Amino acid sequence: MGLYNCATKNALCEEIMDIETVLSRAVVQVEKEEELRRLLRAGGRDGRPLRVKLGFDPSRPDLTLGHGVVLRKLRQFQDMGHQAVVIVGDWTAQLGDPSGREGARTPLTAAEVRSNAQTYLDQFFTVVDREKSEVRWQSEWFGQFTLADVFQLGYEKTVAQMLKRDDFEKRFARGSEIYISEFLYPLLQGYDSVAVHADVELGGTDQTYNLLVGRELMGARGMTPQCILTMKLIVGLDGAQKMSKSLGNYIMLTADPNDMYGKIMSLPDDAMMAYFEGLTYVPDAELRGFAAGMVDGTANPRDIKMRLAYEIVREFHDLAVAEAAQDAFRRQFQESQWPTEMPAFTLSAAMPIVSLLPAAGLAKSKSEARQLITQGGVYLRPEGSAGPTVRLTDVNAVVPAVAGAELRVGRLKFVRIVTE
RNA sequence: GGGCAGAUACCCAAGCGGCCAACGGGGACUGACUGUAAAUCAGUUGGCUUACGCCUUCGCAGGUUCGAAUCCUGCUCUGCCCA
């Protein structure tokens with residue numbers, strides 16, 4: 001067919017990708033599915049590539065694997081020859097979004113927004129093809145907006161309609177606060193679609209309402225409303241809530257391979273399938289096999305999870321790196337060996353262990369250090385990797401300044417002592 | 001505009017004059033175990049202290065009291081009801 005051209009380094013991609021897979025893999029809902037399928041088969045609209053919109057909020061510049069699902073989908077459209085239209089929500093970010101629960105109402109300055117957006121885009125384009133992307137800033141059009149224009153937008157939806165959006169409905173029912181400005185966000189975001197003439201917009205299921213508003217605003221202006229594709233958001237490491245930086249259950253899109261691999265291994269078993277679907281090219285048939293194997297007990301969830309971690313690292317880094325991460329994981333966690341690479345801490349003179357741990361970033365305070373020692377979570381290799389490992393149980397122990405000695409707290413924190 | 005509720009540690013949520021560094025749940029951390037950095041079980045979870053204690057916390061600012069998260073006054077913020 002030749003429609004799909006995998007520009008990624010993953011061979012599995014060539015194997016499975018086609019229009020139907022793009023329309024179904026990790027997808028929850030497609031609004032105007034037939035139309036979209038037809039446009040994809042035709043390779044565009046009126047002989048031009050489709051304009052596939054994805055917006056982002058530059059007040060949170062850090063991308064997680066949760067974003068990865070949507071970014072990969074956008075990339076798949078690009079691989080079929082279409083145009084990504086990336087909206088930088090600089091205007092709304094400068095207003096300050098009140099919807100964050102941590103009172104993240106602080107508006108950003110223009111300079112902060114620009115710098116955040118840059119950080120964001122740098123990560124963004126590790127997945128999305130920069131060459132086939134058009135980056136647009138909201139201020140291009142909202143900068144011209146007058147109060148009258150805002151009023152006009154306000155007449156496009158009623159309060160009752162707004163309250164149909166899931167999170168508004170819940171918060172209203174619960175008696176939580178909802179700010180007037182929050183009602184503006186779907187309208188502004190919808191207007192973005194008008195401004196850039198989007199053919200398709202992508203988003204997580206939490207964006208469904210906003211994407212639909214985009215369709216309405218376009219239709220009301222005599223444009224062909226955009227098609228919509230919403231995707232299953234992956235849950236975070238807690239296996240329950242959606243992955244987000246503020247909940248602390250995230251893996252950074254740019255996480256280093258060992259960290260990425262290990263964190264995926266800490267995922268609850270039943271969250272794995274959504275990750276496979278959204279973040280790898282492992283074929284559906286194989287995934288069904290995994291699921292069946294776990295149900296009838298013929299497959300070890302651990303092995304499947306290792307495959308998942310491997311595939312995801314391969315996807316966001318590459319094959320060789322994924323191999324290395326897998327080896328490192330086996331050594332460190334299955335064979336309980338200490339890692340070969342660890343951060344250095346400069347120690348120029350002997351120091352009590354309770355002072356050393358916080359100083360080296362291995363504990364938050366001396367009190368915590370004492371607790372860790374009492375709990376048996378502190379280990380020392382006075383001679384480095386060649387020598388024995390001792391568990392420190394004496395709160396009053398003093399660690400001498402010996403270069404090459406290694407210190408470990410719990411399973412994850414290590415430090416190698418350096419003298420100067 | 002008027003009335004009524006509420007604001008507690010990372011989150012939720014008890015406490016309503018001393019027994020409160022503050023019940024309980026979640027999360028996080030440590031340990032044991034293990035098929036995994038999963039699950040399960042146990043412990044820890046403000047800071048300082050050679051643990052006898054000391055210091056700082058319960059929206060903000062004052063006040064009453066030997067003593068306040070708990071009572072009073074003002075302020076800020078949120079929700080509900082009436083207009």
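The structure displayed is predicted, hence computed values, not measured ones. Numbers restart at 1 for each chain; the letters A, B, ... are given by sequence-line order, proteins then strands.
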Q: Scan every strand shown for a Watson-Crick or G-U wobble partner of G74(B), both distances under 3.5 Å, and answer none if you come up empty.
A: C60(B)
Q: Give the rounded distance in Å between these two atoms: CD1 of I373(A) and P of C29(B).
A: 19 Å
Q: Determine: side-chain N/O of Y310(A) to OP1/OP2 of U36(B), distance under 4.0 Å, yes or no.
A: no
Q) Heavy atoms, side chains only, cut-off 4.5 Å: are V27(A) and K232(A) in contact? A) no
Q | First of N258(A) and V409(A) reached from the 5' end of RNA chain B, by closest nucleotide | A | V409(A)
Q: Scan every strand shown for a Watson-Crick or G-U wobble partner of C4(B), both distances under 3.5 Å, and answer none if you come up empty.
A: G79(B)
Q | Closest-nucleotide 5' rank along RNA chain B - winner of P268(A) and T374(A) | A | P268(A)
Q) Got L267(A) and Y275(A) here, is their nearest side-chain heavy-atom distance under 4.5 Å? A) yes
Q. A37(B) C1' sits how many Å from L308(A) CG, rounded?
A. 14 Å
Q | Atom pair distance, as rounded to whole Å: CZ in R408(A) and P in A37(B) | A | 11 Å
**Q.** K157(A) NZ: over 12 foreign heavy atoms closer than 6.0 Å
**A.** yes
Q. What integer distance in Å separates I353(A):CD1 from U50(B):P?
A. 15 Å
Q: Indicate, with yes or no, if the rings of F168(A) and Y209(A) have centres closer together than 6.0 Å.
A: no
Q | Protein-nucleotide distance (Q337(A), atom CD; A37(B), atom C1'), rounded to Å | A | 16 Å
Q. In the strands shown, is G17(B) matched to any nucleotide by a Watson-Crick or G-U wobble pair with both distances under 3.5 Å, and which?
A. none
Q.
Using whole Å, what does the distance between atom P of nucleotide A38(B) and atom CG of L237(A) come to?
A. 11 Å
Q) In whole Å, what separates the P atom of A51(B) from that of U64(B)? A) 40 Å
Q: Please state how far atom CZ in R411(A) lies from atom C1' in U36(B), giving the value in whole angstrom units.
A: 10 Å
(Q) Between Y310(A) and Y261(A), does the ring pair (Phe, Tyr, Trp, His ring centres under 6.0 Å) criterion hold? Intermediate values first, please. (A) CA-CA 7 Å; Y310(A) 174 84; Y261(A) 192 102; 7.8 Å; no
Give each protein N/O atom lying under 3.5 Å from an N/O atom of nucleotides 47-49 of chain B, with the pair distance.
unit_1: G47(B); atom_1: OP1; unit_2: S365(A); atom_2: OG; d: 2.8
unit_1: C48(B); atom_1: OP1; unit_2: K366(A); atom_2: N; d: 3.1
unit_1: C48(B); atom_1: OP2; unit_2: K366(A); atom_2: N; d: 3.4
unit_1: C48(B); atom_1: OP2; unit_2: S367(A); atom_2: N; d: 2.8
unit_1: C48(B); atom_1: OP2; unit_2: S367(A); atom_2: OG; d: 2.6
unit_1: U49(B); atom_1: OP1; unit_2: K366(A); atom_2: NZ; d: 2.8
unit_1: U49(B); atom_1: OP2; unit_2: R370(A); atom_2: NH2; d: 3.3

Q: Classify the nucleic acid contact of G376(A) as base, sugar-phosphate or nothing, counting any heavy atom under 4.0 Å across all strands shown.
A: sugar-phosphate
Q: Could you measure between the two P atoms, the one in G43(B) and the one in G26(B), and give it in whole Å?
A: 13 Å
Q) Expressed in angstrom and rounded to an integer, what is the separation of L372(A) atom CG from G31(B) atom P? A) 8 Å
Q) Which is true for Y379(A) with a 4.0 Å heavy-atom rule: it touches a base, it touches only sugar-phosphate, or it touches nothing? A) sugar-phosphate
Q. Base, sugar-phosphate alone, or nothing: which one does I264(A) contact when heavy atoms must sit under 4.0 Å apart?
A. nothing
